[in-house]
Structure formats: C-alpha cells, structure tokens
S.K.: 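Have a look at this one before I ask anything.
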Amino acid sequence: MALIDDLRRIASGRVAQDEPMAGYTTLGVGGPADYFVEVMSEDELSSLMKYVTENGLEWMIIGDGANLLISDKGIRGIVIRLGEEFSKIEVDGMRITAGSSARISKVADVAAKNDLSGLEGVGTVPGSVGGAIVMNAGTHRGYIDEVTHSVRVVTYTGEKRVLSKAECGFTYRNSRFQWDRTMIITYAVFNMRRGDGAAIQEHLDSVRKHRAETQPQGKSAGCFFKNPTGLSAGKLIEGAGCKGWREGGAVVSGIHGNFIMNADNATATDLYMLAERVRDQVREVHGIELEYEVRLIGEW
Ligand code: EPU
C-alpha cells in the first residue's frame, strides 16, 4: 500500500503529494512538501503521529504560516496542518479554550466581547494560537504566557497530554515547543481576568490601526529579527542604512526596517540572501548580531 493511501485512510482533510508551500505562508514563498496532510480531529492527529513514528517518517506542523520562511527546495517528509475543527473558541466563565489554528486576534476579540482581559497584548499580533504559544508572542502590553493556563498536545507517538504553563518553558519570544519537537499543540486554555470589554476592544482597534500605519502591508512574515535586549531591530536596521535594499523580488521595507517583504515575486532565496546582507551590515555598523525571529525551514 502506498504511503499516500495510508495517509488518506487516516486523515479526512486534504491529503496531497508534492504540495507547494507558498500558498500556506504569509510571505508567499516555499517549495513543495513531499506530503501534506490536514487532520480534522485530535483522534486523527493521534493516529497520524502513531503512523508517522512507527514508519520513521520526518514531519513538521504548519500553523497559519505567518512566521515561516520555507526554502525554495521545500520540505522533506510530511507537513501536517490542523483543520477547521481546531479553530474553535469556547468561553467558560473566566476561562477560554481556543484551538491551535484559531487566529489569536479572533480569540482576543471574543475575550473583549465577554469582558475578559489578558490577551490585549498578543491580540494585535498576526498568527494562530499554536504559533503564538510556540513563539510566546506578544507586545509590550503583554505576552501570551501571562494568561496561558495549560496547553493540550498530541505527542509524536500519538499520546494526548495536557501541559501546565510551567511545563511550557516560556521565556522572551520562546517556549519549549521551539526545541522540543515531540509534541503538537492542539488547544490552549487561557485564564483571563475580568475587564471592561468596550475598553479592551477600543485598545485592540487602536493598536491595530497604529500597526497598519507604522507597519507595511503586503506579503511579509512580520518582524524578521528578534529585538536584541533593550534595542529595536528595526531601528538598528534603519541606522545601518538597509531600508530599501533589494535582492531579486525581496525588499527591506522603507516603513519598518525589520520587515523584509516579498514585494515582487520573490523567491525564498531572495529573502534569505537579503536578510543575511542585513545581518552582515548591522554587525559591521553596530557590532550587534541579529537573531532570526522567523523560522527558517528546509535547506538553505
Ligand atoms: N524604528 C525605527 N526605524 C524602523 C522601525 C522602528 O526607528 O525602521 C523605531 C520606532 O520608531 C520605535 C522603535 O524603533 O521608536 C520600536 O519600533 P516599533 O514600535 O515598531 O516596535 P518594534 O520593537 O520594532 C515590536 C514587535 C512587533 C510588534 C511591535 C508593536 C519584535 C521583534 N517586534 O516591534 O512584532 O508589532 O513591537 O507592538 O518584538 C512580529 O511579531 O512579527 C512583530 C512585528
């Protein structure tokens, strides 16, 4: 029995071979995944992980691709995506349970409607709940770890587990899920505080408006580099004179230096080469080593 047939028996979502990844990332680049599998429930995910592990297959999970730079050579093995079922958001008193593929901004809006506070900081950031947990996403108004109570996962062997906040290993823009690739986040549970819904919504709207004014629109992965402690990567890049730099179809935004954009049919290589040139220049001018915030996937 061919691998693809096995995958189709296990998963009820889209299952495909040589699936181009460009359509699954906000940067709009990325070569083909050998196999692409969309699972529609924790049970399907559990069966899939068991199968993948028993057969020694390589795998990775993709969220809404808002923070990924996938190589033009694509991804070997199986790319797993969590389907519609995982975008549910449920409110129970002060607690919100959100599926891993729900947009974090949508969760923040639901919180506001229910007069629940705590997700204002992260609710203005692009990306999914799962992605936000992995990256410990947020802004100076707060990071997602502050309200995270627990996280539901399926492990690589197909076991369902609940991790407490402490077990998630959150630090600045980081969590255990960045190095521990043995589990996939399916749901997150947030412990919220009572708040004034109208004020929260007003805050969300005003930050989103400010963001739309100070950050470029178009194909990007948000900020490309982490802010070095106490500094702004965007400011450093601007100071190094990189704004407007180009490489093929990639460009360093003139609006915000930490946005490296797919302006005109860029390849992943264009973006990567431009990012490396920016790093070299920042190192030379400021003596500071910028670290990637976007996740580089595949061969470079
Ligand atoms: N600045 C410049 N030149 C630039 C960009 C910024 O001088 O080209 C200056 C700004 O004027 C400001 C300072 O640098 O004084 C900080 O800039 P900004 O307020 O835009 O915030 P940031 O530190 O660059 C962080 C997050 C963003 C988030 C914003 C707003 C990181 C790496 N970035 O950016 O997150 O949207 O705050 O809350 O922490 C992302 O997650 O992808 C992302 C873009």
Side-chain angles (χ1 to χ4, degrees), residues 25-29 62-70 103-108 118-148 170-175 177-178 200 202-246 250-263 271-272 274-275 277-279 281-282 285-286 288-297:
T25 65
T26 55
L27 269 171
V29 299
I62 191 168
D64 68 353
N67 206 48
L68 297 182
L69 177 55
I70 299 177
R103 297 191 65 79
I104 192 66
S105 57
K106 194 163 170 211
V107 185
L119 282 170
E120 294 86 319
V122 69
T124 54
V125 168
S128 62
V129 168
I133 295 276
V134 174
M135 301 301 297
N136 190 12
T139 61
H140 62 276
R141 269 293 287 249
Y143 288 80
I144 198 164
D145 63 327
E146 288 159 30
V147 283
T148 303
F170 290 116
T171 54
Y172 169 69
R173 296 214 166 222
N174 206 341
S175 74
F177 305 105
Q178 289 193 30
I200 293 166
E202 201 177 295
H203 166 78
L204 290 171
D205 292 343
S206 82
V207 175
R208 287 169 189 160
K209 182 162 169 281
H210 176 75
R211 181 185 282 264
E213 287 161 2
T214 55
Q215 295 185 355
Q217 306 305 303
K219 288 184 185 173
S220 84
C223 285
F224 231 82
F225 300 105
K226 295 183 187 181
N227 281 340
T229 313
L231 296 168
S232 154
K235 209 171 194 165
L236 292 170
I237 293 166
E238 177 169 344
C242 305
K243 276 190 167 178
W245 277 15
R246 279 186 171 271
V251 65
V252 179
S253 167
I255 299 172
H256 193 299
N258 203 4
F259 281 66
I260 299 183
M261 314 284 296
N262 174 1
L271 290 155
Y272 178 66
L274 185 55
R277 277 174 55 202
V278 167
R279 282 179 92 201
Q281 182 75 359
V282 167
V285 172
H286 303 291
I288 289 167
E289 189 74 28
L290 288 181
E291 253 183 74
Y292 282 94
E293 188 197 49
V294 295
R295 276 175 60 201
L296 300 180
I297 309 287

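Counting convention: from 1, in listed order, for ligands and their atoms alike.
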S.K.: For the CZ atom of Arg277 and the CD1 atom of Ile260, what is their distance to the nearest 0.5 Å?
M.R.: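 With rounding to 0.5 Å, CZ (Arg277) is 10.0 Å from CD1 (Ile260).
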
S.K.: Between NZ of Lys219 and CE of Met261, what distance do you get to the nearest 0.5 Å?
M.R.: 10.5 Å

S.K.: Give, for atom NZ of Lys106 and atom CG of Leu119, the distance between the pair rounded to the nearest 0.5 Å.
M.R.: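 So the gap between those two atoms works out to 14.5 Å.
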
S.K.: Go ahead and list the nitrogen or oxygen contacts between ligand 1 and the protein that come in under 3.5 Å, distances to 0.1 Å, or just say none.
M.R.:
{"from": "ligand 1", "atom 1": "3 (N)", "to": "Glu238", "atom 2": "OE1", "distance (Å)": "2.6"}
{"from": "ligand 1", "atom 1": "8 (O)", "to": "Gly234", "atom 2": "O", "distance (Å)": "3.4"}
{"from": "ligand 1", "atom 1": "8 (O)", "to": "Glu238", "atom 2": "OE1", "distance (Å)": "3.3"}
{"from": "ligand 1", "atom 1": "8 (O)", "to": "Lys243", "atom 2": "NZ", "distance (Å)": "3.1"}
{"from": "ligand 1", "atom 1": "8 (O)", "to": "Gly257", "atom 2": "N", "distance (Å)": "2.8"}
{"from": "ligand 1", "atom 1": "14 (O)", "to": "Ser232", "atom 2": "OG", "distance (Å)": "3.1"}
{"from": "ligand 1", "atom 1": "20 (O)", "to": "His256", "atom 2": "NE2", "distance (Å)": "2.9"}
{"from": "ligand 1", "atom 1": "23 (O)", "to": "Asn227", "atom 2": "ND2", "distance (Å)": "2.8"}
{"from": "ligand 1", "atom 1": "24 (O)", "to": "His256", "atom 2": "NE2", "distance (Å)": "2.9"}
{"from": "ligand 1", "atom 1": "36 (O)", "to": "Arg211", "atom 2": "NH1", "distance (Å)": "3.1"}
{"from": "ligand 1", "atom 1": "36 (O)", "to": "Arg211", "atom 2": "NH2", "distance (Å)": "2.8"}
{"from": "ligand 1", "atom 1": "36 (O)", "to": "Gln215", "atom 2": "NE2", "distance (Å)": "2.8"}
{"from": "ligand 1", "atom 1": "39 (O)", "to": "Arg173", "atom 2": "NE", "distance (Å)": "3.4"}
{"from": "ligand 1", "atom 1": "39 (O)", "to": "Arg173", "atom 2": "NH2", "distance (Å)": "2.9"}
{"from": "ligand 1", "atom 1": "39 (O)", "to": "Asn227", "atom 2": "ND2", "distance (Å)": "3.3"}
{"from": "ligand 1", "atom 1": "41 (O)", "to": "Arg173", "atom 2": "NH1", "distance (Å)": "3.2"}
{"from": "ligand 1", "atom 1": "42 (O)", "to": "Cys223", "atom 2": "N", "distance (Å)": "2.7"}

S.K.: If you round to the nearest 0.5 Å, how far is CD1 of Ile62 from CD1 of Ile70?
M.R.: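 Reported value, rounded in 0.5 Å steps: 4.5 Å.
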
S.K.: Hey, are the side chains of Arg208 and Ser105 touching, using non-hydrogen atoms and a 4.5 Å cut-off?
M.R.: yes

S.K.: So Tyr272 and Tyr292, would you call those rings parallel, tilted or perpendicular, with 30° and 60° as cut-offs?
M.R.: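 Aromatic pair Tyr272/Tyr292 classed parallel.
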
